[in-house]
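Since the structure comes first, as structure tokens, the remarks are kept for the end.
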There are 2 protein chains.
Amino acid sequence: MSKKPKVKRVVKPELQAKGHMRTRAAHATELAEDYVEVISDLLDEHGEARVSDIAARIGVTHVTVTKKVSLLARDGLVTTKPYRSIFLTDLGREVARRSRERHQIVVDFLVKLGVPKDAAHTDAEGIEHHVSSVTLEAFKRFVKDEVNGAS
Amino acid sequence: MSKKPKVKRVVKPELQAKGHMRTRAAHATELAEDYVEVISDLLDEHGEARVSDIAARIGVTHVTVTKKVSLLARDGLVTTKPYRSIFLTDLGREVARRSRERHQIVVDFLVKLGVPKDAAHTDAEGIEHHVSSVTLEAFKRFVKDEVNGAS
DNA sequence: GTATATTTGTAGCTAATGCTAATTTTTTTA
DNA sequence: TAAAAAAATTAGCATTAGCTACAAATATAC
């Protein structure tokens, strides 16, 4: 039977597996980063980060937030006291800083590329966690470089 | 006390929530897409897609694959028979096609941007699922457009 | 200061992704 | 063809992310 076309060998399997594993690892951290980013924003804006405000920004119920926050506390990113505002630890602040920086780079990059601002923001939310440092540098270069879309 | 700096209002909360919700939705589909893509590749290359090969490419145990495959079958993306190769349904093939197309665009885009091939592939794995159609179009434009890095 | 409203927390559920260990089926090899 | 090897399945566990419903604490209003 004519089975076994053996078309193009796209990528090496191990490399592919590595890619998927990296994606999985990214997933593990990205939700935490999102929370920390939101908490950081709220602290900047209101001086406190309440469960219900976090919930509103992330689009989940307050219960989900409470649960996640306790995991973040376990992992040393935030401090909590019952019925009190959530605050960031030093580590949490550092994660927030890097996260926000990366987010901004991705947004700027997409905007410069011609993506509408709203879409840029939404897409950045998803993309930012999957960008390696090499790619991030490339993004930065592109944003800085003035000679790009120069018709 | 001097609390309440009220710095920059970055994004509207509802918009931000929407972004996070979209990211969550993307997560729900992206693993399925990864599997379908891998299965499609294996079918092209060997005429069959075995559990152990899928496991090797994705980097998980064969048990995890078996479980996920049964969910994919439930969702109408693949067909399975015990101890036999997995095949794609029409829907599965369509998903694979679109997925691969998107993947390729992202890879080409990153490469054109100056990201090394290996990193481009790895990053694309994570990024491809979070790219809206608007952004994808922008990527395409950038790849096609010859006047970019033109010094 | 008490009553009401808001906010936070807890209990208990579903579903998905991962794993190891043990079993069963299929394939290969001697 | 019978034994050994390889591959797939099943059972059962842990973790995480969601939810609703209910209880407790805090804040607000009168």
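Within every chain, numbering begins at 1; the chains are lettered A, B, ... in the order of the sequence lines, protein sequences first and strands thereafter. Hydrogens, waters and symmetry mates are skipped; everything else that's a heavy atom, side chains included, is used.
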Distance-only criterion, 3.5 Å: show the donor-acceptor pairs between side-chain atoms of residues 89-98 of chain A and protein atoms not counting sequence neighbours.
from    : atom 1 : to       : atom 2 : distance (Å)
A:Thr89 : OG1    : A:Gly76  : O      : 2.7
A:Thr89 : OG1    : A:Leu77  : O      : 3.1
A:Thr89 : OG1    : A:Leu91  : N      : 3.4
A:Thr89 : OG1    : A:Gly92  : N      : 3.0
A:Asp90 : OD1    : A:Arg93  : NH2    : 2.7
A:Arg93 : NH1    : A:Leu88  : O      : 3.3
A:Glu94 : OE1    : A:Arg97  : NE     : 3.4
A:Glu94 : OE2    : A:Arg97  : NH2    : 2.8
A:Glu94 : OE2    : A:Arg98  : NH1    : 3.1
A:Arg97 : NH1    : A:Glu101 : OE1    : 3.1

Running the 4.5 Å side-chain criterion over Ile, Leu, Val, Met, Phe, Trp and Tyr, what cluster does B:Val111 land in, apart from itself? B:Val107
Contacted region of DNA chain C by chain A, from 5' end to 3' end of the hits, cut-off under 4.0 Å to heavy atoms, spans C:dT7 to C:dG18
Does anything in residues 76-85 of chain B come within less than 4.0 Å of DNA chain D? Heavy atoms only, and list the residues if so. B:Pro82, B:Tyr83
side-chain hydrogen bond (donor to acceptor under 3.5 Å, both in side chains) partners for A:Lys67, two or more places apart: none
Test: ring-ring contact (aromatic ring centres under 6.0 Å, His included). Region: residues 51-71 of chain B. Which pairs qualify, not counting sequence neighbours? none
Categorize B:Val65 for me: base, sugar-phosphate, or nothing, with a 4.0 angstrom heavy-atom threshold over every strand shown. nothing
Who are the side-chain hydrogen bond (donor to acceptor under 3.5 Å, both in side chains) partners of B:Thr135, not counting sequence neighbours? A:Asp123, B:Ser132
Sequence-distant partners of B:Thr61, side-chain hydrogen bond (donor to acceptor under 3.5 Å, both in side chains), two or more places apart: B:Thr64
With sequence neighbours left out, the residues meeting side chain to side chain contact (heavy atoms under 4.5 Å, CB included) with A:Leu113 are A:Phe109, A:Phe142, B:Phe109, B:Ala138, B:Phe139, B:Phe142
Residue list, side-chain hydrogen bond (donor to acceptor under 3.5 Å, both in side chains) with B:Glu125, at least two apart or on another chain: none
Could you list the protein-to-nucleotides 14-18 of chain D atom pairs, N/O on both sides, closer than 3.5 Å?
from   : atom 1 : to      : atom 2 : distance (Å)
D:dT16 : OP1    : A:Arg74 : NH1    : 3.3
D:dT16 : OP1    : A:Arg74 : NH2    : 3.1
D:dT16 : OP2    : A:Arg74 : NH1    : 3.3
D:dA17 : OP1    : A:Lys68 : NZ     : 2.8
D:dA17 : OP2    : A:Lys68 : NZ     : 3.1
D:dG18 : O6     : A:Lys67 : NZ     : 2.4

Name all pairs fulfilling the side chain to side chain donor-acceptor pair (under 3.5 Å) condition that reach into residues 73-85 of chain B, sequence neighbours left out, sorted by first residue then second. none
With a 4.0 Å cut-off on N to O distance, would you call A:Arg24 and B:Glu30 a salt bridge? no
